[in-house]
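Here the structure is laid out as structure tokens; the discussion comes afterwards.
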Amino acid sequence: MTQFPNGTGIPHSEPEPARTGTSWPKTAWALAGDVVMPLVAFYGLRGVGVNQWLALLLASLAPAATIAVTWVHQRRLDPMGTFVIAAMTLSLAIALVTGDPRTLLARESWITGLFGLWIICSLATSRPFLLDIAIKLSTPELADRLARLWQHSAVFHRWIRTTSLAWGTAFLVDAGARILMAYTLPVDTVPLLSVILLIAALALAQGSCLILGRRSGALRLLKPGTSSAPQAEGAR
């Protein structure tokens, strides 16, 4: 499962890297565990003659390993990690019963599809998922600004909602396409194509959100010293 911890569609616009609060080592670790390691494991196992079903099964354990390492390091399992493990356990159980490699391929659509729904449904909460992730990845100063903008800026509020819809839709489209590829394309080509598809879908969502953020002025509000007072009325 590709968690994309810094791919929230809420870019940090402060000019100094040290002030953004983004943990690049954590981001790199997540990408390695969720994208690179499964691909390397699958194609490496296939290269030494392991059958498709077992290679897919073993490769699918990489994201669980990264979550386990994070849990040991932080001594806690966040809601995102809980969601991934629960979805992975259910899908793997079904795959084990069927013994079908195509079912193993399609199982990732469960995770990305549910994740997309989660992002969209979180709009009904007091703090949407993408905003919550952005706040957790930011410095205390920027995190406080994000929280205040969500409460008091109509422009920022609309941008977060649009961003959430865009990212949620991207994951839902990815889920549908994964199912189609899993049952129509050669098994050995699907893992790589699935990653390419996901990257393309999220790049499109991210690009659209950045364009909208610039045109609406939402990104400007993230800069230090910018007042959100003019947009306060009607934010909620």
Side-chain angles (χ1 to χ4, degrees), residues 1-8 23-116 118 133 167 170-203 206:
M1 163 64 187
T2 306
Q3 298 178 40
F4 290 91
N6 195 35
T8 60
S23 178
W24 292 113
K26 290 182 179 179
T27 301
W29 167 253
L31 289 174
D34 298 337
V35 179
V36 179
M37 288 173 59
L39 282 179
V40 171
F42 174 73
Y43 288 111
L45 290 168
R46 289 292 291 146
V48 297
V50 177
N51 67 63
Q52 293 173 334
W53 182 85
L54 183 57
L56 286 168
L57 179 64
L58 294 175
S60 68
L61 299 179
T66 60
I67 292 173
V69 171
T70 301
W71 180 81
V72 170
H73 178 71
Q74 298 180 352
R75 297 295 181 181
R76 66 181 180 85
L77 187 63
D78 60 21
M80 186 64 223
T82 304
F83 166 79
V84 172
I85 289 179
M88 185 181 299
T89 301
L90 177 61
S91 60
L92 284 178
I94 295 175
L96 287 170
V97 171
T98 63
D100 179 17
R102 294 192 179 275
T103 302
L104 270 175
L105 288 173
R107 71 169 182 82
E108 292 196 4
S109 65
W110 291 37
I111 300 176
T112 54
L114 288 173
F115 188 45
W118 186 359
I133 289 294
W167 278 79
F171 279 111
L172 290 175
V173 170
D174 174 78
R178 281 174 186 264
I179 293 177
L180 180 63
M181 290 191 300
Y183 289 103
T184 59
L185 298 179
V187 171
D188 286 340
T189 67
V190 175
L192 179 58
L193 290 177
S194 295
V195 171
I196 294 174
L197 171 69
L198 181 61
I199 292 174
L202 296 184
Q206 174 76 345

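In what follows, every heavy atom counts, from backbone to side chain, and hydrogens, waters and symmetry copies are set aside. Predicted model, so just to flag it, every value in this text is computed and none were measured.
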Determine the minimum heavy-atom distance between [X] and [Y], stating which atoms define it.
X    : Y    : answer
A55  : V50  : N-CG1, 3.8 Å
A170 : A201 : CB-O, 3.9 Å
R102 : A182 : NH1-O, 2.6 Å
T112 : F171 : O-CB, 3.3 Å

To the closest 0.5 Å, what do you measure between [atom1] ([X]) and [atom2] ([Y])?
X    : Y    : atom1 : atom2 : result
I179 : D174 : CD1   : CG    : 10.0 Å
S194 : I199 : OG    : CD1   : 11.0 Å
L45  : N51  : CG    : CG    : 9.5 Å
L172 : F115 : CG    : CZ    : 11.0 Å

- Query: Are any side-chain N or O atoms of R46 and backbone N or O atoms of L56, one a donor and one an acceptor, separated by less than 3.5 Å?
  - Reply: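 No: the side chain of R46 does not pair with the backbone of L56.
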- Item | Donor-acceptor pair, side chain of R178 and main chain of A106, under 3.5 angstrom |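 Absent.
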- Walk me through it: do D100 and W53 pass the test side-chain contact (heavy atoms from CB on, under 4.5 Å)? CA-CA 7 Å; D100 179 17; W53 182 85; 5.6 Å; no
- Message: Checking side-chain contact (heavy atoms from CB on, under 4.5 Å) between L192 and each of I196, T189, V190, which is the one that passes?
- Response: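 The residue from I196, T189, V190 that satisfies side-chain contact (heavy atoms from CB on, under 4.5 Å) with L192 turns out to be I196.
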- Query: Taking it one step at a time, do Y183 and L105 satisfy side-chain contact (heavy atoms from CB on, under 4.5 Å)?
  - Reply: CA-CA 9 Å; Y183 289 103; L105 288 173; over 6 Å; no
